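A quick write-up on the structure given underneath.
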Number of protein chains: 2
Amino acid sequence: MKPISDKVIGRLARYRTLLTEQVPEGRTHLFSYEIAAAMRLADSQVRRDLMAVGTRGVPQHGYEIEALKARLDDALALDRAHGVAVVGAGDLGRALIAFLEARRTTLAIRAAFDVDPAKVNRVFSGVKCHAMADLEKVVAAEGITLAILCVPAAAAQPAADALVHAGIRGVLNFAPVALRLPVQVALEELVITTYLEKLAYFTTHPAKERRNGRHDAR
Amino acid sequence: MKPISDKVIGRLARYRTLLTEQVPEGRTHLFSYEIAAAMRLADSQVRRDLMAVGTRGVPQHGYEIEALKARLDDALALDRAHGVAVVGAGDLGRALIAFLEARRTTLAIRAAFDVDPAKVNRVFSGVKCHAMADLEKVVAAEGITLAILCVPAAAAQPAADALVHAGIRGVLNFAPVALRLPVQVALEELVITTYLEKLAYFTTHPAKERRNGRHDAR
DNA sequence: TAGATTGTTAATCGATTAACAATC
DNA sequence: TAGATTGTTAATCGATTAACAATC
């Protein structure tokens, strides 16, 4: 399969969520324009995206939901397990553990890490918290490839360096810091205040000025 | 000022965070290529973005940090206060309250809401939790314009409808649901699993395939 | 069949980058 | 001054949309 752009992957993940969380009652198939309407996209874009992962629809019938879900799972590599670590077991980190463990998928949180000795060896929502010193050992032992970084800004870059050293392949960063990572390590920035600030701007300016898609992740 | 695109606003917010959180020791000015390097952008893009908000740099000296921060605050409407509500006081909602209240800015959380009677009237990190039934009253009384939506998927659309009815201007959505909102209400989708799924894909495929910016939001 | 919807190409659009004259 | 960096335009690039023949 040809390289698929970041943008397309983001939309494919959203299609998958839509199919999982919001399938209209009693439907087995969906038309491209229905998916498009739910996400405020053009129908040709939906067809084009689905084409990129080799899905086939049928004129007059649309796309079969179960087959499409299976195809998306496969394309997004969600048919295999991915080990996830949460680094920083503060309020946000613990909330993310609880939130993500509640919806068990192939993305499973296998460990938490914190510098605070009071948190080490505690178990949060079924996930054990380890000392940062044990990062490399635990990452290897648990087969962890992804990390969610929820430490304070000042601790983010050192923690990221430690993660890279431990062989992590992707980082989801919540700290308000522009991380420097080797290019081969995937990075998603998810700085909540950035999103709030965007909202503040767009609610303060006429709606007309909102030029682009409402999404991102993006 | 001309309309500024969603993409540019997102980067401006990130420049602002960089200037606030990561100013190199003892510097009063920064060059466009320094800002660009920190964010993995082209230097001409930084200059272009700053031009959009009317900032002037000086050849040989770069951009004055304090003046630039002030200009960005003004452009992003962060010089005024914005009232924020957190809807859904579960683990994630309460963590966001604690997280955002710790970094008091002009984006201040003025109220939380939940359907659970056990949570109503409790105070989380200094923020009072109200019944959903009181949404409209409290939003008006507290001058709330933005909402952070952290309710379960099934409750998201009804909650969003109630927020719109109460006159909210922008919604930051954490629920894994494609919300339908009137176009004049700004919407940012921040579905954490979507980001994790993107990471899973990019860590499973050769780094070379990563075509685009590492960010989004945005 | 006729009509609706897909798959796919071509056209458009917007965003990014390169280039360089202006400037300090 | 000379050289480095800005402001800004033009060129490139990629993403989105429109269009329509193929198809069920």
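Small disclaimer: the values here were computed from a predicted structure and weren't measured. Lettering follows sequence order; numbering is per chain, from 1.
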Q: Please tell me if the side chains of A:L100 and A:V84 come closer than 4.5 Å, counting only heavy atoms from C-beta onward.
A: no
Q | B:E188 vs A:T194 side-chain heavy atoms within contact, under 4.5 Å | A | no
Q. Between the side chains of B:R47 and B:S32, does any donor sit under 3.5 Å from an acceptor?
A. yes
Q.
Assess, by modelled atom type and distance only, whether the side chains of B:D49 and B:Q45 contain a donor and an acceptor separated by less than 3.5 Å.
A. no
Q | Under-3.5 Å donor-acceptor pair between B:R48 side chain and C:dT17 base | A | yes
Q | Side chain of B:Q45 - closest among C:dT16, D:dT5, D:dA18 | A | C:dT16
Q.
Please pick, from D:dT8, C:dA4, C:dA15, the nucleotide with the shortest atom-to-atom distance to any side-chain atom of B:S5.
A. C:dA15
Q | Intra- and inter-strand pairs of DNA chain C in dot-bracket (Watson-Crick or G-U wobble, both distances under 3.5 Å; | for another strand) | A | ..||||||||||||||||||||||
Round to a whole Å and report the spacing from [atom1] of [X] to [atom2] of [N].
X     : N      : atom1 : atom2 : value
B:E64 : C:dC24 : CD    : P     : 16 Å
A:K7  : D:dC13 : NZ    : C1'   : 13 Å
B:L30 : D:dT6  : CG    : C1'   : 15 Å
B:L68 : D:dG7  : CG    : C1'   : 15 Å
A:Q60 : C:dA2  : CD    : P     : 14 Å
A:E34 : C:dT6  : CD    : P     : 9 Å
B:R47 : C:dA22 : CZ    : P     : 16 Å
B:D49 : D:dT6  : CG    : P     : 14 Å

Q) Counting only side-chain N and O atoms of A:S32, is one of them less than 4.0 Å from OP1 or OP2 of C:dT6? A) yes
(Q) Please tell me if A:Y33 has a side-chain N or O lying less than 4.0 Å from either OP1 or OP2 of D:dT17. (A) no
Q) Under 6.0 Å from the six-membered ring centre of A:Y15 and within 45° of its axis: does the NZ or CZ of A:R11 meet both? A) no
Q: Please name the pair of heavy atoms, one in B:L181 and one in B:A160, separated by the smallest distance, quoted to 0.1 Å.
A: CD2-CB, 3.8 Å
Q. Which residue, B:M51 or B:P59, contacts DNA chain D at a nucleotide closer to its 5' end, judged by nearest heavy atom?
A. B:P59
Q. Does B:H61 or A:V58 map to a spot on DNA chain D nearer the 5' end, using the closest nucleotide for each?
A. B:H61
Q.
Could you measure the distance from the OH atom of A:Y63 to the CG atom of A:L68? Nearest 0.5 Å is fine.
A. 8.5 Å
